[in-house]
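Note that the structure is a prediction, hence the values are computed from the model and not measured.
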Amino acid sequence: MDQAPGSPQEPQDARPGDAAPGCYRHPDRATGISCTRCERPVCPECMVSASVGFQCPDCVRGGSGTGRPAQATAPRTIAGGSLAADTRLVTKILLGINIAVFIAVLAVGDSLVQDLEMIGGAFVPEDLTFIGVAEGEFYRLLTAAFLHQEPMHIIFNMLSLWWLGPPLEAALGRVRFIGLYLLSALGGSALSYLLAAQNQPSLGASGAVFGLLGATAILMRRLNYDMRPVLILLALNLVFTFAWPNIAWQAHVGGLVVGAAVTYGMVHAPRERRALVQGLTFAVTFLVIVAVVWVRTVQLVG
């Protein structure tokens, strides 16, 4: 009698005397059918018809098609990150933090700016105290990147973040994008700390934004996109950086270099050693930043 398509059938080489294995979910039920993914025996009640053979309920729920966890074969970004439904989530959070700090500055006044801005080392006559990174206030390297005082400053930076952030967040994944942003911010502050006058304050997300700009250039090159738009934008921003007065060019250049370097390590990491190479890229970049900060601190307090 012909077998109906999709119904279980006993293997042709089975003999009445053979002992068939029991279903992995119902051991008392002998079966000659195995899951095409994990090869565990399944009884007629448990088997699920597939395009080729039958699958067990666990593999169907996993959805990987390989018998491994679904996460192991889930679609990934070009940098190996997980795909997300909302590719603007981290960008929105960063925007929210910057705006919240700006509102706090408007409410509290200059005292908050003095507490959070990037400054190497300075004497405050009103309090008869010394402040700055050289005095152990290393948090300023990061807090300054979320601090704005002028409306046009935060508007320009946040528009740039909103334009550059989502495509990078989608291409790299959320965790890698956060790492890129924070390292770019730290890189900009570190170079400013190293090269600027010790009592010269600086603030703003420009270092992190320049890091995203450098990352965009590296990503577009990796994807073989037309580089002219981003190169023109980069050139205009560099001209603006060095031509306009009262701009901490050190933060811009530091963020740009760190952002480009970190992204290069992420998108060019070999697939089989991607996690290792990317982890080392982040670690080495962070250690370089720490070394720069340490050298400058020794100069100022030594």
Side-chain angles (χ1 to χ4, degrees), residues 69-95 97-98 141-142 145-146 157 160-191 205-231 233-234 237-238 251-293:
Q71 294 85 349
T73 55
R76 295 281 176 174
T77 68
I78 187 174
S82 301
L83 298 180
D86 184 0
T87 58
R88 291 180 169 86
L89 178 62
V90 175
T91 302
K92 293 174 185 176
I93 293 174
L94 292 172
L95 281 165
I97 295 174
N98 279 276
L141 296 165
L142 186 59
F146 293 93
N157 279 339
S160 299
L161 174 58
W162 183 249
W163 183 64
L164 295 170
L168 286 171
E169 186 176 341
L172 303 178
R174 290 173 177 171
V175 175
R176 291 165 178 81
F177 177 69
I178 293 174
L180 166 69
Y181 188 91
L182 295 180
L183 281 178
S184 298
L186 289 173
S189 294
L191 193 63
S206 300
V209 169
F210 264 77
L212 300 186
L213 188 56
T216 300
I218 296 298
L219 180 63
M220 292 182 68
R221 179 67 182 87
R222 174 66 175 81
L223 297 174
N224 294 320
Y225 288 173
D226 184 2
M227 295 288 294
R228 287 173 293 182
V230 70
L231 290 179
L233 180 62
L234 178 58
N237 276 274
L238 288 174
H252 292 193
V253 173
L256 176 65
V257 171
V258 169
V262 169
T263 306
Y264 187 91
M266 283 195 286
V267 301
H268 288 280
R271 184 182 299 271
E272 62 275 8
R273 296 191 302 275
R274 178 184 284 159
L276 175 62
V277 172
Q278 292 180 348
L280 288 175
T281 298
F282 280 99
V284 170
T285 303
F286 181 73
L287 290 176
V288 170
I289 293 173
V290 170
V292 169
V293 173

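The neighbour count for Phe286 CZ, taken as heavy atoms of other residues, nucleotides or ligands under 6.0 Å away, does not exceed 12.
Within the structure, every pair that satisfies the salt bridge (Lys or Arg N to Asp or Glu O under 4.0 Å) test and touches residues 77-90, not counting sequence neighbours, is listed here: Asp86-Lys92. Sorted pairs that involve residues 270-281 and meet salt bridge (Lys or Arg N to Asp or Glu O under 4.0 Å), not counting sequence neighbours, are lacking altogether.
When every heavy atom of Thr281 is checked against every heavy atom of Thr285, the shortest pair comes out as O-OG1, 2.7 Å. Closest heavy-atom contact between Ala79 and Arg176: O-NE, 3.1 Å. In plain terms, the two heavy atoms of Ala205 and Asn157 that are nearest each other are N-ND2, 3.5 Å. Scanning both residues, Thr263 and Ala215, for their nearest heavy atoms gives OG1-CB, 2.9 Å. When every heavy atom of Val209 is checked against every heavy atom of Ser160, the shortest pair comes out as CG1-CB, 3.5 Å.
For the pair Val257/Phe210, no side-chain contact is recorded, criterion being any heavy-atom separation below 4.5 Å from C-beta on. Counting only heavy atoms from C-beta outward, the side chains of Leu172 and Val267 approach each other to under 4.5 Å. At a threshold of 4.5 Å between non-hydrogen side-chain atoms, the residues Phe177 and Leu212 count as touching. Between Leu256 and Leu234 there is a side-chain heavy-atom pair separated by less than 4.5 Å.
With rounding to the nearest 0.5 Å, the separation of CE in Met266 from CG in Leu219 is 9.0 Å. For the atom pair Asn237 CG and Leu213 CG, the distance stands at 6.0 Å (nearest 0.5 Å). Annotation: the span from Leu231 atom CG to Arg221 atom CZ amounts to 10.5 Å, rounded to 0.5 Å. Distance check, rounded to the nearest 0.5 Å: CG of Asn98 to CG of Leu161 gives 7.0 Å. Considering CE of Met220 and CD1 of Ile218, their distance stands at 11.5 Å, rounded to 0.5 Å. Note that CG of Leu164 is 9.5 Å distant from OG1 of Thr91, once rounded to the nearest 0.5 Å.
Side chain of Arg174 to backbone of Leu89: no donor-acceptor contact under 3.5 angstrom is found.
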Show me, pair by pair, the donor-acceptor contacts under 3.5 angstrom made by side chains of residues 179-191, not counting sequence neighbours?
residue : atom : partner : partner atom : Å
Ser184  : OG   : Leu180  : O            : 2.8
Ser189  : OG   : Leu141  : O            : 2.7
Ser189  : OG   : Ala185  : O            : 3.3

